[in-house]
*Asks:* 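Sharing a structure here in structure tokens format.
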Amino acid sequence: MHDALRETLHTLHNAAARAQRPVPRLLAVSKTHPATAVAALGAAWRGLEPGVRPAFGENYVQEAAQKQAELAGADFEWHLIGHLQSNKAREAARLFDWVQTVDRPRLVEALSRHRVAAAPPLNVLVQVNIDDEASKHGCMPDAVEALADAIRAQPRLRLRGLMAIPAPDPATRGRAFQRMQALFSALQARHPGVDTLSMGMSDDFAEAVGAGATLVRIGSALFGARPASSPPRG
Ligand SMILES: *Cc1c(COP(=O)(O)O)cnc(C)c1O
């Protein structure tokens, strides 16, 4: 019924078996794709994996708000995977189940303050700038510990782990994945509740699984190519 989804799940299971690791969670990255496509993928996913709660990733708060309104009543999990501006923290804390792109102390406090009391704590990942490129988002690796401690101190946030978007260069990304794996182990030693390492996209997720990814973010392999005008990476 949804060949791309079936193939992606198959590849994911194979990669996990080869790496002798648990099958990672799949996050379907739906940015630029309409609510109808999200609904269709969600239905197919429930058909293939009964009991699953389909999870979708969006890069922009406004786009997610509109899609969620169109999909009102659908029981999906929503992850923010794009850069979050501080002035959007309030809306993000209301709309998402997870924010994967926490990379500075100011966001920590704002997200916790705006998470409504009736909702469960907001799941958050620390986004790490693993390639040390000054132009990109994410905190430096040596800042992870302090940021994680700050998250743990907030009652309305739940620290779940780390996220990274390595440079798409096959020559360097293997090392980037391995550095993330090491950072993740260190974080787990300090905070035993931490369980999520988010890395790997359509072109490299099998390699990320080999390096211990527990959640992969896959867009084009599931939904097809995005319009050329959209930003390709976070
Ligand atoms: C767009 C995006 C993805 C998905 O990329 P694909 O190559 O389409 O699988 C994953 N993570 C982030 C942060 C993104 O912005």
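These numbers come from the heavy atoms of this one structure, side chains and all, not from hydrogens, waters or symmetry mates. First listed ligand is number 1; within each ligand, the first listed atom is number 1.
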*Asks:* Which atoms from ligand 1 have a heavy atom of G219 less than 4.0 Å away?
*Replies:* 4 (C), 6 (P), 8 (O), 9 (O)
*Asks:* Compute the minimum heavy-atom distance from Q100 to ligand 1 and say whether it is under 4.0 Å.
*Replies:*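 Under 4.0 Å: no for Q100.
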*Asks:* Taking atom NZ of K67 and atom CD of E63, what is their separation to the nearest 0.5 Å?
*Replies:* 3.5 Å
*Asks:* Test your reading of the structure: does I218 have an N or O sitting under 3.5 Å from an N or O of ligand 1?
*Replies:*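 No, no N or O pair falls under 3.5 Å.
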*Asks:* If we ignore angles and hydrogens, is there a donor and acceptor under 3.5 Å between the side chains of W98 and E77?
*Replies:* yes
*Asks:* Side chains of H79 and N123: donor-acceptor distance under 3.5 Å anywhere?
*Replies:* no
*Asks:* Any donor-acceptor pair under 3.5 Å linking the side-chain atoms of S198 with those of R217?
*Replies:* yes
*Asks:* Which atoms of ligand 1 sit under 4.0 Å from any heavy atom of I81?
*Replies:*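 Per the distance check, 11 (N), 12 (C), 13 (C), 14 (C).
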*Asks:* Would you please determine whether D203 falls within less than 4.0 Å of ligand 1 on a heavy-atom basis?
*Replies:* no
*Asks:* Taking Q100 as the fixed residue, which of L215, T196, L162 is the one that meets the side chain to side chain contact (heavy atoms under 4.5 Å, CB included) rule?
*Replies:*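 Between Q100 and the candidates, side chain to side chain contact (heavy atoms under 4.5 Å, CB included) is satisfied uniquely by L215.
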*Asks:* Can you list the ligand 1 atoms lying under 4.0 Å from a non-hydrogen atom of R217?
*Replies:* 4 (C), 9 (O), 10 (C), 11 (N), 12 (C), 13 (C)
